Peer 1: 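Okay, here's the structure, questions in a sec.
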Amino acid sequence: MQEIETADAHWVLIGDDSSDRNIIGRCSLWWKNTPPYLNHRVGFIGHYAVQDAATATRLLQQACEQLAAFGCTLAIAPIDGNTWQRYRLLTKRGTHPVFFLEPDNPDDWPSHFLDQGFTPLAQYSSALNSNLSYVDPRLERVESRLHKAGVEIRPLNLQRIEQELHGIYQVAIASFRSNFLYTPITEAAFVAQYLPLLPYLNPELILIAEDNHKPVGFLFAIPDWLQAQRGENVNSIIIKTVAVLPKRIYAGLGNLLVAKCQTRAYEKNFTRAIHALMHDANPSRNLSRRYAQTIRRYTLFAKPLWLQKM
């Protein structure tokens with residue numbers, strides 16, 4: 001399993017001006033422990049940042065050449081080692097302001113990859129629900145069935161956060177195992193991602209579903225604290241993660257968790273919910289269409305590397 005920082009190489013590009021030798025571009029590469037994709041040996045390009053398009057050309061050419069030299073047949077970018085970390089580019093910004101924990105990038109970065117022969121590999125979106133009072137009437141039957149099966153939903157208990165994160169981790173690795181480009185990580189790495197967020201959490205917005213006191217699903221949501229930085233009233237929540245154990249008995253639990261979270265948010269005077277960073281092919285996207293309208297698009301890019309060897 002991977003820890004958070006396991007890059008196989010780091011590259012920086014230094015400016016030519018000898019009087020001011022600043023870093024004008026950087027990236028990291030992964031090729032040793034990347035997940036399988038079709039028949040390819042995958043290489044990742046992440047930690048990407050450049051000063052301009054000319055820098056991007058030099059940096060991406062170097063990155064692809066090195067990945068090919070180590071036997072990779074497909075470069076995927078940008079992705080910081082695995083999908084538990086920052087990955088994909090914002091490609092259709094829209095008019096909604098950037099929200100808390102949302103990855104952002106200059107608008108010209110997608111063209112850097114397109115100009116170097118990368119093409120879209122996967123598409124993602126975020127959507128906005130402005131009617132938190134609506135509840136799908138079909139969920140009443142779902143809730144009744146799950147209750148009879150012994151499933152109960154409760155908020156996160158911050159007083160026993162280590163035990164809570166342990167249970168959430170077990171659900172996450174089982175739920176996400178079939179996800180696109182999934183890579184397992186250790187529990188320590190998983191917990192390390194969540195601990196810095198503790199000061200920003202509202203435990204009433206983080207729901208855990210239990211079957212006989214054992215976690216079988218969870219929803220992680222957080223207020224949009226960037227609204228406060230802009231001097232606005234914090235009236236939006238961000239639904240970042242919904243995970244449910246892949247068992248038939250828990251069908252509909254993800255939809256129910258979303259509905260419960262939005263109802264709780266409405267009761268606490270929030271008026272909007274952002275369904276964040278959903279893969280277009282994931283069931284969560286179909287779930288969101290019942291409530292929300294797309295406000296942002298993101299793309300993960302890929303490039304075959306067989307030409308790099310010629």
Side-chain angles (χ1 to χ4, degrees), residues 1-11 26-37 41-49 63 67 70 72 75-89 100-105 122 124 156-201 203 205-209 214-222 225 238-246 254 257 276-279 282 284 298 300:
M1 291 189 179
Q2 289 193 359
E3 299 292 345
I4 291 179
E5 289 295 339
T6 57
D8 299 311
H10 301 283
W11 284 92
R26 60 171 168 83
C27 72
S28 299
L29 305 180
W30 290 259
W31 62 81
K32 292 180 181 178
N33 296 302
T34 53
Y37 176 69
R41 183 177 176 188
V42 171
F44 288 157
I45 303 173
H47 298 157
Y48 178 80
L67 290 176
F70 280 98
C72 297
I76 297 179
I79 176 169
D80 293 357
N82 58 58
T83 55
W84 300 93
Q85 306 302 315
R86 179 183 177 124
Y87 71 105
R88 65 214 145 183
L89 285 181
F100 188 53
L101 302 180
E102 181 183 18
D104 195 10
N105 52 262
Y124 305 81
L156 180 78
N157 184 349
L158 284 175
Q159 302 305 312
R160 53 191 302 269
I161 189 63
E162 291 186 7
Q163 297 95 316
E164 298 282 60
L165 288 175
H166 172 76
I168 288 172
Y169 169 75
Q170 298 298 327
V171 173
I173 59 173
S175 175
F176 299 152
R177 187 171 291 122
S178 60
N179 280 11
F180 181 61
L181 296 179
Y182 171 80
T183 301
I185 61 171
T186 65
E187 183 171 347
F190 178 84
V191 170
Q193 290 185 299
Y194 281 89
L195 289 181
L197 298 177
L198 290 182
Y200 304 99
L201 300 185
L205 301 177
I206 302 172
L207 304 181
I208 298 176
K214 181 180 179 180
V216 297
F218 74 91
L219 179 148
F220 178 83
I222 193 167
W225 295 113
I238 304 154
I239 299 176
K240 284 189 60 64
T241 308
V242 182
V244 175
L245 292 184
L257 286 167
L277 299 160
M278 301 169 290
H279 191 296
N282 277 3
S284 60
Y298 319 83
L300 186 65

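Treat the numbers as computed from the prediction; the structure is a model and nothing was measured. Throughout, residue positions are numbered sequentially from 1 according to the sequence presented.
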Peer 1: With Q163, which residues qualify under side chain to side chain contact (heavy atoms under 4.5 Å, CB included), at least two apart?
Peer 2: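 Side chain to side chain contact (heavy atoms under 4.5 Å, CB included) list for Q163, sorted by chain: R160.
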
Peer 1: Measure from the ring center of F220 to the ring center of Y194 and say whether it is less than 6.0 Å.
Peer 2: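 Centroid distance F220-Y194: below 6.0 Å, so yes.
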
Peer 1: Excluding sequence neighbours, so at least two apart, what forms ring-ring contact (aromatic ring centres under 6.0 Å, His included) with F180?
Peer 2: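 If we apply the ring-ring contact (aromatic ring centres under 6.0 Å, His included) test to F180, skipping adjacent residues, the hits are Y37, H279.
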
Peer 1: Other residues, nucleotides and ligands only: do more than 12 of their heavy atoms fall within 6.0 Å of CH2 on W84?
Peer 2: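 More than 12 heavy atoms, drawn from other residues, nucleotides or ligands, come within 6.0 Å of this atom.
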
Peer 1: Could I get the full list of side chain to side chain contact (heavy atoms under 4.5 Å, CB included) partners for A243, not counting sequence neighbours?
Peer 2: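 Side chain to side chain contact (heavy atoms under 4.5 Å, CB included) check on A243 returns V171, S175, F176, F218.
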
Peer 1: Restricting to ring-ring contact (aromatic ring centres under 6.0 Å, His included), what partner residues turn up for Y298, sequence neighbours left out?
Peer 2: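 Listed in chain order: nothing, the list is empty.
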
Peer 1: If you apply the rule ring pair (Phe, Tyr, Trp, His ring centres under 6.0 Å), what do you find for F44 with Y87, and how did you get there?
Peer 2: CA-CA 10 Å; F44 288 157; Y87 71 105; 9.1 Å; no

Peer 1: Taking side-chain hydrogen bond (donor to acceptor under 3.5 Å, both in side chains) as the test, write out the residues that go with T241, two or more places apart.
Peer 2: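 side-chain hydrogen bond (donor to acceptor under 3.5 Å, both in side chains) check on T241 returns nothing, list empty.
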
Peer 1: Looking at residues at least two apart in the chain, or sitting in another chain, which of them share a side chain to side chain contact (heavy atoms under 4.5 Å, CB included) with A77?
Peer 2: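 Per chain and number, A77 pairs via side chain to side chain contact (heavy atoms under 4.5 Å, CB included) with I45, F113, F118.
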
Peer 1: What heavy-atom pair brings L300 and P78 nearest, and what distance separates the two atoms?
Peer 2: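 So the two residues come closest at CD1-O, 3.4 Å.
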
Peer 1: Evaluate the ring planes of W30 and H47, with Trp represented by its six-membered ring, and classify them as parallel (under 30°), tilted (30 to 60°) or perpendicular (over 60°).
Peer 2: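 Correct class here is perpendicular.
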
Peer 1: Do T83 and N179 touch side chain to side chain, with heavy atoms closer than 4.5 Å?
Peer 2: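 Not touching, per the 4.5 Å side-chain cut-off.
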
